[in-house]
Amino acid sequence: MKKRVPQGKKNEKQMGKASCFQLVEKRIAHFKDSKKLKTANNYACALKHFRDFRANKDLAIGDLSAGLMRDFQSYLTEKGLTMNTISLYNRSLRAVYNYALDEGILTTDKRPFRKVFTGLEKTRKRALDSEVAQDLVQLSFPNDEKTAFARDLFLFSLYMQGMPFVDIALLTKKQLQGNHIAYQRRKTNQSLKVYVHALANAIIKRYRVKDPDCPYLFPILYDPKRKRTILYSSALRTYNRRLARVARLVGLDEPLTSYVSRHTWASLARQSGVADNVICEAMGHNNVSTTMIYLTSLDTGTVAAANRKVIATLTTPREPIRET
């Protein structure tokens, strides 16, 4: 006669047998429902790479081990991913594992992530010097409208006090109020009101979405020709890819990215004698550094004057650089 297993023991044996892939997918769905789209996208990217590493062969969440995760990290390293990206994927999978522990899906913590990198590698902040920035302004693209658009968005960020790409992408027509743009930084939730310099306004006029049904100011998250929306992650990849081409045209050894314009504005502002607290306020930072107290708000005239100093460093007449 077969020995009957008590219900409690049976459930205990089933603990940790939940599908790893399905559990990650469940968390992705949760973050999408909570409107935490960036977190959902990070988890989705981590799952995609982990699926590829596993040749799409699922496993139980309880079968994750330190050796397996170390092999996964080696796999990502061989694919050329940066350590910070690898850390992001490791942390995403670790969060799912911890979720399983919190929910009682796992009863034993095997600490499978103890031998992989889950920290942050300090990266060098790259900024263009004023001469290279001027070359970028003078660069012309007679036969490449898409690359020209990327360069102009980069310059728009510079003209708008280092406005981050995500905030540019999400700008709506309603946020353009006279000669100012009022917006809330996606990252810090800080409200900013930025004076629209004539050079920035020229870029707005050149690319403003004319479709009345589209709320966005620029055709970044919306394709007017195909009348369809574009995922932010896809728009960012496209933007950085085109900026890499711009970098080659101005003779840079390293590619431009969406972050470089922000660092460049801060660097040029400091070189122009703008105080750090004004730079901080202009860029929508919460504090100048981790060791300094939070700032009180500055008047928009002070910040606009700082921005004019930066733009003045970019507008010295030079011979135009043409695409070859």
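Everything numeric here is computed off the predicted structure, so don't read it as measured data. For reference, positions follow the sequence shown, starting with 1.
Ring geometry, Y195 versus H180: the interplanar angle exceeds 60°, so the pair is classed perpendicular (tilted spans 30 to 60°).
Side-chain contact, T118 with N90: no donor N or O sits under 3.5 Å from an acceptor N or O.
Judged by the 6.0 Å distance and 45° axis criteria, R151 is not positioned over the aromatic ring of F141.
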Less than 3.5 Å apart, which donor and acceptor atoms pair up between the side chains of residues 211-224 and the rest of the protein, not counting sequence neighbours?
{"residue": "D211", "atom": "OD1", "partner": "D213", "partner atom": "N", "Å": "2.9"}
{"residue": "D211", "atom": "OD2", "partner": "Y222", "partner atom": "OH", "Å": "2.7"}
{"residue": "D211", "atom": "OD2", "partner": "K227", "partner atom": "NZ", "Å": "3.2"}
{"residue": "D223", "atom": "OD1", "partner": "K225", "partner atom": "N", "Å": "3.0"}
{"residue": "D223", "atom": "OD1", "partner": "R226", "partner atom": "N", "Å": "3.3"}

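More than 12 heavy atoms of other residues, nucleotides or ligands sit less than 6.0 Å from atom CZ of R114. Counted within 6.0 Å of CD on E145, heavy atoms from surrounding residues, nucleotides or ligands total 12 or fewer; the atom is thus considered open. For K79, the NZ atom sits in a loose shell: 12 or fewer heavy atoms of surrounding residues, nucleotides or ligands are nearer than 6.0 Å.
The main-chain N or O of A182 is found under 3.5 Å from a side-chain atom of Q175 such that the two form a donor-acceptor pair. Checking side-chain atoms of K173 against main-chain N and O of V209 turns up a donor-acceptor pair under 3.5 Å. Judged purely by atom type and a 3.5 angstrom limit, S92 uses its side chain to pair as donor or acceptor with the backbone of L88. The main-chain N or O of L106 is never found under 3.5 Å from a side-chain atom of Y97 such that the two would form a donor-acceptor pair. Using modelled atom types, one side-chain atom of K110 and one backbone atom of G62 make a donor-acceptor pair closer than 3.5 Å. At least one donor-acceptor pair closer than 3.5 Å links the side chain of S157 to the backbone N or O of M163. Looking only at distances, a side-chain donor or acceptor of Q73 sits under 3.5 Å from a matching main-chain atom of F117. Side-chain atoms of R51 never come within 3.5 Å of backbone atoms of N56 as a donor-acceptor pair (strictly under, hydrogens ignored). The backbone N or O of H263 lies less than 3.5 Å from no partner atom in the side chain of S267, so there is not a single donor-acceptor pair. Without hydrogens or angle criteria, R245 side chain to T147 main chain gives no donor-acceptor distance under 3.5 Å.
Taking the centre of each ring, Y89 and F50 stay at or above the 6.0 Å mark.
Linking ILVMFWY side-chain heavy atoms closer than 4.5 Å, directly or via other members, places L243 and Y259 in two distinct hydrophobic clusters.
Legend: residues meeting ring pair (Phe, Tyr, Trp, His ring centres under 6.0 Å) with F149, ordered by chain and number and at least two apart, are Y207.
Ionic pairing of D58 and R54 is not present here: no N-O contact between side-chain nitrogen and carboxylate oxygen is shorter than 4.0 angstrom.
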Using the side chain to side chain contact (heavy atoms under 4.5 Å, CB included) rule, take L256 and L136 through it: C-alpha gap first, then chi angles, then the decisive distance, then the call.
CA-CA 11 Å; L256 291 175; L136 194 63; 4.3 Å; yes
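Checking N240, T238, V246 one by one against R242, the side chain to side chain contact (heavy atoms under 4.5 Å, CB included) holds for a single residue, T238.
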